[in-house]
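Note that this is a predicted model, so its numbers are computed, not measured.
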Amino acid sequence: MSAPGALAFCGRLLRRQLVLAVRRPIEIVNPLLFFAMVVALFPLGLGPAPDALAEFAPGMLWIIALLSSLLTSDTVFRSDFDDGSLEQLLLSPQPLYFSVLAYVGAHWLITGVLLALVSPVFALMLGLPGQAIVALVISLLLGTAVLSLVGGIGAALTVGLKRGGMLISLLILPLYMPVLIFGSAAVQAAVIGAPAGPYLAILGAMLSLAIALAPVAMSAGLRISIDA
């Protein structure tokens, strides 16, 4: 029986990760619950005035999305490292570049895409104007993909550590800042009627750069962690 091609293997790995996530629904629900709970806290801290909430809504929604992605970054390779299948993956003849892309793709689908899809509900709760919601969804789709790729680098470097969550935060949080800046700026521009396209284009460029470089860094990080 011949071995599957790299893309076919990548597709099978992505499907496997999604099936495992469906069997552990808590991993899917946790980021959404965190998102909802933090959004509910802001009116308590800032007051229920709709104008104040709407003014800060772009930044607040993007900060919550960033923290939701950060909270789940540690789980990208963790279960496969614990059961030994990650080590088998490194020994397989398949290109590790595409394999780690499958892991990150699954993480993005169960965190970033879901958050982007439910974000209009929370945006309306915070009084974000309707014309900014499209920019919010597109910016979250692009930005959370970058966050998942960058988070995967931290997860690869710390997968061999029992308590790597805090270390991941220290490693990758500074790299999250440009995504936060341009993501919230795109939504803010849409709020005031300015074009959000330039900010979304920058997010797209960040995503292209991350797709090119992050899997290489993740592959090296996994080899270092497994060898250690």
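- Atom CZ in Phe34 sits 5.0 Å away from atom CG in Leu71 (nearest 0.5 Å).
- Enclosure of atom OH in Tyr199 is not indicated, since only 12 or fewer non-hydrogen atoms of other residues, nucleotides or ligands lie within 6.0 angstrom.
- For the side-chain contact (heavy atoms from CB on, under 4.5 Å) test with Phe122, the passing option among Val118, Leu126, Leu124 is Val118; the others fail.
- Each of Leu86 and Ile224 belongs to its own hydrophobic cluster when Ile, Leu, Val, Met, Phe, Trp and Tyr are linked at side-chain heavy-atom distances under 4.5 angstrom.
- In this structure, NE2 on His107 lies 4.5 Å from OG on Ser73, to the nearest 0.5 angstrom.
- Distance check: Met218 CE to Leu213 CG gives 10.5 Å after rounding to the nearest 0.5 Å.
- Using a 4.0 Å cut-off between charged side-chain N and carboxylate O, Arg78 and Asp83 make no salt bridge.
- The distance from atom OG of Ser219 to atom OH of Tyr97, rounded to the nearest 0.5 Å, is 9.0 Å.
- The shortest non-hydrogen separation linking Val191 to Pro129 is CG1-CG, 4.1 Å.
- Checking each of Thr111, Ile110, Asn30 against Thr72 for a side-chain contact (heavy atoms from CB on, under 4.5 Å) leaves exactly one that passes, namely Thr111.
- A continuous path of Ile, Leu, Val, Met, Phe, Trp and Tyr side chains, each step under 4.5 Å between heavy atoms, connects Ile28 with Leu117, placing both in one hydrophobic cluster.
- Using a 4.0 Å cut-off between charged side-chain N and carboxylate O, Arg223 and Asp227 make no salt bridge.
- You'll find the side chain of Leu66 stays beyond 4.5 Å of the side chain of Val179, heavy atoms only.
- For the pair Met125 and Leu53, the minimum side-chain heavy-atom distance is 4.5 Å or more.
- At most 12 non-hydrogen atoms from other residues, nucleotides or ligands lie less than 6.0 angstrom from CE of Met37.
- Separating the CG atom in Leu173 from the CG atom in Leu67 is a distance of 8.0 Å, to the nearest 0.5 Å.
- Here the side chain of Ser208 pairs a donor or acceptor atom with the backbone of Gly204 at under 3.5 angstrom.
- Under 3.5 Å, the side chains of Trp62 and Ser139 contain a donor-acceptor pair of N or O atoms.
- Ring pair Tyr103/Phe77: centre-to-centre distance below 6.0 Å.
- In this structure, the side chains of Cys10 and Gln94 stay at 4.5 Å or more apart for every pair of heavy atoms.
- One finds the OG atom of Ser225 at 12.0 Å from the CD atom of Glu87 (value rounded to the nearest 0.5 Å).
- Using a 4.5 Å cut-off between side-chain heavy atoms of Ile, Leu, Val, Met, Phe, Trp and Tyr, with links allowed through other members, Leu20 and Leu114 fall into different hydrophobic clusters.
- What you find for Leu115 and Pro31 is that their closest heavy atoms are CD2-O, 4.0 Å.
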>> Checking Val113 against Thr144 for the side-chain contact (heavy atoms from CB on, under 4.5 Å) test, could you report, in this order, the C-alpha distance in whole Å, the side-chain angles of both residues, the deciding distance, and whether it holds?
In response: CA-CA 8 Å; Val113 172; Thr144 53; 6.0 Å; no
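- Hydrophobic clustering places Met60 together with Met177 (ILVMFWY residues linked when any side-chain heavy atoms are closer than 4.5 Å, directly or through intermediates).
- Residues Ser69 and Tyr176 are in side-chain contact: their nearest non-hydrogen atoms beyond the backbone lie under 4.5 Å apart.
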> Could you walk me through whether Leu90 and Leu96 pass the side-chain contact (heavy atoms from CB on, under 4.5 Å) check?
Replying inline: CA-CA 7 Å; Leu90 266 64; Leu96 197 53; 4.1 Å; yes
>> Set out, in order, the CA-CA distance, both residues' side-chain angles and the distance that settles side-chain contact (heavy atoms from CB on, under 4.5 Å) for Leu142 and Val146, then state yes or no.
In response: CA-CA 7 Å; Leu142 293 171; Val146 181; 5.9 Å; no
>> Apply side-chain contact (heavy atoms from CB on, under 4.5 Å) to residues Leu89 and Phe9 and explain how you reach the verdict.
In response: CA-CA 11 Å; Leu89 180 68; Phe9 182 78; 3.7 Å; yes
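- Ser85 and Arg16 make their closest contact through OG-NH2, 3.7 Å (heavy atoms, listed as atom of the first residue, atom of the second, distance).
- Closest of all the heavy-atom pairs between Gly105 and Leu14 is C-CD1, 3.9 Å.
- Counting all heavy atoms, side chain and backbone alike, Ile64 lies closest to Phe35 at CG2-CD1, 3.5 Å.
- Residues Ile226 and Val216 fall within the same hydrophobic cluster, defined by Ile, Leu, Val, Met, Phe, Trp and Tyr side chains chained together at heavy-atom separations under 4.5 Å.
- Contact between Val150 and Ile172 at its shortest, heavy atoms only, is O-CG2, 3.6 Å.
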